[in-house]
S.K.: 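Take a look at this one; I'll ask things after.
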Amino acid sequence: MPRTIQGKYVTEASKTFQKGDDAWRSGAYDDARKYYEKAASLYHDDKDIEGEAFVLTRLGELELSLDDFERSRKSLDAAAELVRHEQFGQNTYAEALIKLSKTEAAAGDLETALVKIKDAQKIAAAIGSKDLEGDAYDHEAFVFLMRNQEKEALEAYAKAAELFRRDGTSLKEASVLRAMARIEMKNRNFDTAHDLLERCRDLYRENGDLLGEASALSAIGSLRYVIRDIANARKALMKSVYLYGKVSHHFAEAEALLYLARVEAFNREQGDFERAKAHYKRSIDLFDFLQNDTMKKAVLEEYHNFLNRAACEG
């Protein structure tokens with residue numbers, strides 16, 4: 001494994017590995033590839049099998065991010081083979097298998113992706129890594145969705161959420177619950193979706209993740225709007241807008257303002273047309289500030305349609 005003391009890389013191999021990470025983050029992908037390849041060679045010379053496999057796994061991730069599936073597959077296969085029979089390397093083996101499954105899914109080979117992810121689940125369960133096992137079920141759900149198997153996807157997501165809950169990795173649990181809620185909303189299972197989103201919101205709030213909480217509130221508000229619970233839709237979306245503004249996520253804030261405008265524009269009895277105008281204008285201003293002409297134009301058109309409707313309603 002990359003060697004560190006108090007967070008600092010100390011061997012030549014680990015320092016080279018860090019250079020690869022730094023290059024990747026800065027967008028210097030060719031340099032990152034070279035550093036990773038050199039680091040893998042250095043770990044090999046040091047007879048550090050797990051370190052070599054770890055670096056090859058990271059290299060496979062890099063190639064996947066660049067949509068070079070053949071290179072990604074080659075690197076990840078090599079990583080998996082290195083630690084397949086090493087007891088101390090089973091964690092890295094499971095990680096390599098998960099990323100191999102992601103590569104196969106991205107390349108369109110969903111059958112192989114499922115085989116790889118099933119193998120990863122078995123390895124993660126055998127070593128007692130609930131976090132890795134949860135990651136494996138999370139990705140399996142994604143593959144099932146690609147195959148339009150929503151029932152199986154929900155079952156896999158539920159397993160992932162439970163594993164993350166037991167492991168205490170609550171932000172991952174929240175992300176999975178959010179994905180489950182999207183499916184339930186699509187299938188108009190609104191009560192179930194709402195319960196999932198409330199739990200998701202609680203987890204984000206417990207972790208101090210304002211962006212996550214804002215996203216969950218936006219989804220809750222949208223759901224409430226669909227079922228015509230205008231008062232609670234307004235309440236959730238107002239809080240969402242506030243939190244998005246607090247973390248300066250202007251695009252999401254503009255979207256939430258658009259949803260809030262629709263809530264207020266619902267009718268004169270339950271909504272507030274003056275507030276609707278203000279929310280539409282603020283959304284338009286934010287999209288203009290972001291130079292997102294497509295969204296600005298779409299919201300402007302919706303705003304003008306609303307004004308025409310409001311005038312007709314007198």
Side-chain angles (χ1 to χ4, degrees), residues 1-107 109 112-113 115-136 138-140 142-143 167 169 172:
M1 292 288 288
R3 304 299 181 195
T4 61
I5 294 178
Q6 295 182 339
K8 295 183 179 180
Y9 288 89
V10 294
T11 67
E12 189 62 31
S14 61
K15 289 177 182 178
T16 305
F17 169 79
Q18 181 62 63
K19 288 178 181 178
D21 277 357
D22 293 341
W24 186 357
R25 278 192 291 269
S26 67
Y29 304 121
D30 289 338
D31 288 342
R33 182 183 295 115
K34 291 174 184 175
Y35 283 127
Y36 287 143
E37 289 173 345
K38 182 179 179 182
S41 177
L42 290 169
Y43 280 119
H44 180 80
D45 292 344
D46 291 340
K47 296 183 172 53
D48 186 339
I49 295 173
E50 191 177 12
E52 183 181 357
F54 187 89
V55 176
L56 288 172
T57 299
R58 187 66 59 87
L59 177 58
E61 279 188 274
L62 170 66
E63 302 296 4
L64 175 58
S65 74
L66 299 173
D67 292 332
D68 194 328
F69 305 130
E70 193 55 44
R71 274 184 167 179
S72 177
R73 188 181 292 116
K74 181 179 178 182
S75 184
L76 291 166
D77 273 331
E81 194 56 38
L82 276 170
V83 290
R84 181 190 301 270
H85 303 297
E86 301 293 343
Q87 189 61 38
F88 61 82
Q90 293 301 287
N91 193 82
T92 301
Y93 182 34
E95 285 190 10
L97 287 172
I98 291 171
K99 291 176 175 63
L100 261 174
S101 181
K102 290 182 178 181
T103 296
E104 298 297 353
D109 189 347
T112 301
V115 170
K116 296 295 183 184
I117 208 62
K118 289 290 187 186
D119 289 343
Q121 289 166 6
K122 292 174 185 175
I123 297 301
I127 61 176
S129 177
K130 294 180 179 63
D131 184 36
L132 274 177
E133 192 179 359
D135 285 342
D138 187 7
H139 179 62
E140 182 185 45
F142 173 76
V143 176
D167 190 57
T169 45
K172 287 187 178 182

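Computed from heavy atoms alone, side chains included, the values below leave out hydrogens, waters and symmetry copies.
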S.K.: For F17 and F54, I'd like to know if the aromatic rings sit close, meaning centre-to-centre distance below 6.0 Å.
M.R.: yes
S.K.: Measuring only between side-chain heavy atoms, which start at C-beta, is T57 closer than 4.5 Å to L76?
M.R.: yes
S.K.: Do the non-hydrogen side-chain atoms of D48 and E50 ever get within less than 4.5 Å of each other?
M.R.: yes
S.K.: Of the non-hydrogen atoms in A136 and Q121, which two are nearest, and what is the gap between them?
M.R.: CB-CG, 3.5 Å
S.K.: For G60 and S72, work out which heavy atoms get closest and say how close.
M.R.: O-OG, 2.9 Å
S.K.: Measuring from D135:CG to K102:NZ, what's the distance to the nearest 0.5 Å?
M.R.: 6.5 Å
S.K.: Tell me, with the steps shown, if L66 and R71 meet side chain to side chain contact (heavy atoms under 4.5 Å, CB included).
M.R.: CA-CA 10 Å; L66 299 173; R71 274 184 167 179; over 6 Å; no
S.K.: Indicate yes or no: at least one non-hydrogen side-chain atom of E86 is less than 4.5 angstrom from one of T92.
M.R.: no
S.K.: Rounded to the nearest 0.5 Å, what separation is found between the OH atom of Y35 and the CG atom of L42?
M.R.: 12.5 Å
S.K.: Between K116 and T112, is any pair of side-chain heavy atoms under 4.5 Å apart?
M.R.: yes
S.K.: Between D22 and K19, does at least one N-O distance fall below 4.0 Å, as a salt bridge requires?
M.R.: no
S.K.: Can you name the nearest heavy-atom pair linking V55 to A40, along with the distance?
M.R.: CG1-N, 4.0 Å
S.K.: Taking all non-hydrogen atoms of both residues, which atom of T16 and which atom of A39 are closest, and how far apart?
M.R.: CG2-N, 3.8 Å
S.K.: Determine the minimum heavy-atom distance between S14 and Y43, stating which atoms define it.
M.R.: CA-OH, 3.3 Å
S.K.: Using a 4.5 Å cut-off on heavy atoms from C-beta on, say whether the side chain of E70 contacts that of E63.
M.R.: no
S.K.: Holding to side chain to side chain donor-acceptor pair (under 3.5 Å), I want the full list of residues that pass it with D131, two or more places apart in sequence or in another chain.
M.R.: K172
S.K.: How long is the span from the CG atom in L59 to the CZ atom in R33, to the nearest 0.5 Å?
M.R.: 7.5 Å
S.K.: Using a strict threshold of under 4.0 Å (side-chain N to carboxylate O), is an ion pair present between E37 and K34?
M.R.: no
S.K.: Determine yes or no for a side-chain-to-main-chain donor-acceptor pair under 3.5 angstrom, with S101 supplying the side chain and L97 the backbone.
M.R.: no
S.K.: Is there a side-chain contact between V143 and I117, using heavy atoms and a 4.5 Å cut-off?
M.R.: no
S.K.: Run the side chain to side chain contact (heavy atoms under 4.5 Å, CB included) check on E61 and L64 step by step: do they pass?
M.R.: CA-CA 5 Å; E61 279 188 274; L64 175 58; 5.6 Å; no
S.K.: Quick one: list whatever passes side chain to side chain contact (heavy atoms under 4.5 Å, CB included) with A32, sequence neighbours left out.
M.R.: A23, W24, Y36, L62
S.K.: More than 12 heavy atoms of other residues, nucleotides or ligands under 6.0 Å from CZ of F142: is that the case?
M.R.: no
S.K.: Within a strict 4.5 Å, meaning less than it, do heavy atoms of the E52 and I49 side chains meet?
M.R.: no
S.K.: Which heavy-atom pair separates A94 from A124 by the least distance, and what is that distance?
M.R.: CB-N, 4.4 Å
S.K.: Would you call E12-K15 a salt bridge at under 4.0 Å N-O?
M.R.: no
